[in-house]
> 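One structure follows; several queries about it will come next.
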Number of protein chains: 2
Amino acid sequence: MGRRKENSTNSLNEKNIMEACDSVYSICKIGGRWKMLILCELKDGKLRFGELRKNIPGITERMLTLQLRELEKDMLVSRIVYPEIPPRVEYELTPISRQLIPIWSVLGDWAKEHKQLVIQQLKEVAV
Amino acid sequence: MGRRKENSTNSLNEKNIMEACDSVYSICKIGGRWKMLILCELKDGKLRFGELRKNIPGITERMLTLQLRELEKDMLVSRIVYPEIPPRVEYELTPISRQLIPIWSVLGDWAKEHKQLVIQQLKEVAV
DNA sequence: TATGGTACTAACAAAATTGTAAGTAATGGG
DNA sequence: CCCATTACTTACAATTTTGTTAGTACCATA
């Protein structure tokens, strides 16, 4: 993983900020590069490791594994291993991560507005 | 700032993901280490640079400047310079970032639930 | 002339995240 | 025995973010 240093200023700052501000805490939990995308993929049901990889262009097996591990640790996905060969592993959302689904759509709406604004701004600058 | 490379896999991935998924886009905009905290501070009105620094323990002048510059570029704060000596600069939320305020509280509520869950989990493991 | 206050910048260093490339294990089928 | 399949690991390197320290500009005031 590239282990984090327990007592770096960086780590301590993050910890303090997460304790000080709940919305920062939430954003930290879903803030990894690919996490949101993974969660969105799982919105409609279980998927296997390989399916996730195929559905998320650009992600490597390593990053997929890392992000899934963190999501699992944070109880945002659950991992179901079938004792078969070749291996089969499925991932699915947990109750707590399902509670986030409506928030995603609100964030999505905000994004659309923001993008509009950026476009407007570009036009104004051009004129 | 430590300039980003335009064409690194890293940059391109981020760009693609933001285009592919609107909620990722939103989270990117508010995902910097101190951004959320800064925005929260500004929730109740304008603040000067020095006030922000005092109100946010642990932040350095450099980080405060960097994060404010990005927020400004993304139109999430506006910067008001008074031509005085010593200088006076005030920051305030913009209409588009004010639209985020209700989302913060929802994220905050989710954080509280998640923290509860983590505590429960710790207890179960201990037993 | 020296000092203080304010909002920054610049050069550098450390830390953290992300990406690349090459493996591993287990077993059924040819 | 060799290969294919699947879900991973491992070692390393590049990139990005964050932190440290020491400046800068400006003018009023002592």
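Just so it is clear, the values below take in all heavy atoms, side chains as well, and ignore hydrogens, waters and symmetry mates. All values reported here derive from a predicted model rather than from experimental measurement. Below, chains carry the letters A, B, ... as their sequence lines are ordered, and counting in each starts from 1.
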> Look at the side-chain N and O atoms of B/Ser11 and state whether any lies under 4.0 Å from the OP1 or OP2 oxygen of D/dT15.
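Negative; the distance criterion is not met.
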> Checking B/Arg4 against B/Glu14 for the salt bridge (charged side-chain N to carboxylate O under 4.0 Å, His left out) test, could you report, in this order, the C-alpha distance in whole Å, the side-chain angles of both residues, the deciding distance, and whether it holds?
CA-CA 12 Å; B/Arg4 294 193 81 179; B/Glu14 186 182 58; 2.5 Å; yes
> Give the rounded distance in Å between these two atoms: CG of B/Leu12 and P of C/dT20.
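Going from CG in B/Leu12 over to P in C/dT20 covers 10 Å.
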> Hey, does the side chain of B/Gln67 come within less than 4.0 Å of D/dT17's phosphate (OP1/OP2), counting only N and O?
no
> Would you say C/dT18 has OP1 or OP2 under 4.0 Å from some side-chain N or O of B/Ser8?
no
> Do any N or O atoms from the side chain of A/His114 and from the backbone of B/Asp74 form a donor-acceptor pair under 3.5 angstrom?
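Side chain of A/His114 to backbone of B/Asp74: a pair is present.
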> Identify, between A/Ile85 and A/Asn10, the residue whose nearest nucleotide on DNA chain D lies closer to the 5' end.
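Checking each residue's closest nucleotide, the 5'-ward one belongs to A/Ile85.
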> Nearest whole Å is fine: how far is D/dT6 C1' from A/Arg53 CZ?
8 Å
> Using whole Å, what does the distance between atom P of nucleotide C/dT17 and atom CZ of A/Arg33 come to?
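So the CZ-P distance, A/Arg33 to C/dT17, works out to 12 Å.
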> Rounding to a whole Å, what distance do you find between B/Met63:CE and C/dA15:P?
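Result: 16 Å.
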> Among D/dT20, C/dA7, D/dT18, find the nucleotide with the atom closest to the side chain of B/Thr60.
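Closest nucleotide among those given: D/dT20.
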> Send over the distance from B/Arg62 CZ to C/dA11 C1', rounded to a whole Å.
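Going from B/Arg62 (CZ) to C/dA11 (C1'), I get 10 Å.
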> Within the 4.0 Å heavy-atom criterion, would you say B/Tyr82 contacts the bases, only the backbone, or no part of the nucleic acid?
nothing
> A/Glu6 or A/Pro86: which one's nearest nucleotide on DNA chain C is closer to the 5' end?
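Taking each residue's closest nucleotide, the earlier one in sequence belongs to A/Glu6.
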> With no hydrogens and no angle check, just 3.5 Å: does a side-chain donor-acceptor pair link A/Glu41 and A/Tyr91?
no
> Looking at B/Arg4, does any N or O in its side chain come under 4.0 Å of the phosphate oxygens OP1/OP2 on D/dT15?
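No, B/Arg4 has no side-chain N/O under 4.0 Å of OP1/OP2 on D/dT15.
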> Please give, in whole Å, the distance from C/dC8 P to B/Glu61 CD?
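Whole-Å distance recorded here is 9 Å.
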> Which one, D/dT20, D/dA7, C/dT20, comes nearest to the side chain of B/Thr9?
C/dT20
> Expressed in angstrom and rounded to an integer, what is the separation of B/Glu51 atom CD from C/dG5 atom P?
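Answer to the nearest Å: 16 Å.
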> Which of these nucleotides, D/dA7, C/dT9, C/dA26, is closest to any side-chain atom of A/Arg79?
D/dA7
> For B/Arg88 and C/dG4, give me the distance from atom CZ to atom P, rounded to whole Å.
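Rounding to the nearest Å, CZ of B/Arg88 and P of C/dG4 are 23 Å apart.
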> Remember a base hit wins even if backbone is also touched, and classify B/Glu90 as base, sugar-phosphate or nothing at under 4.0 Å, heavy atoms.
nothing
> Side chains of A/Ser23 and A/Ser26 only: does a donor on one sit below 3.5 Å from an acceptor on the other?
no
> Assess whether a salt bridge exists between A/Glu6 and A/Lys15, defined as any Lys/Arg side-chain N lying under 4.0 Å from an Asp/Glu carboxylate O.
no
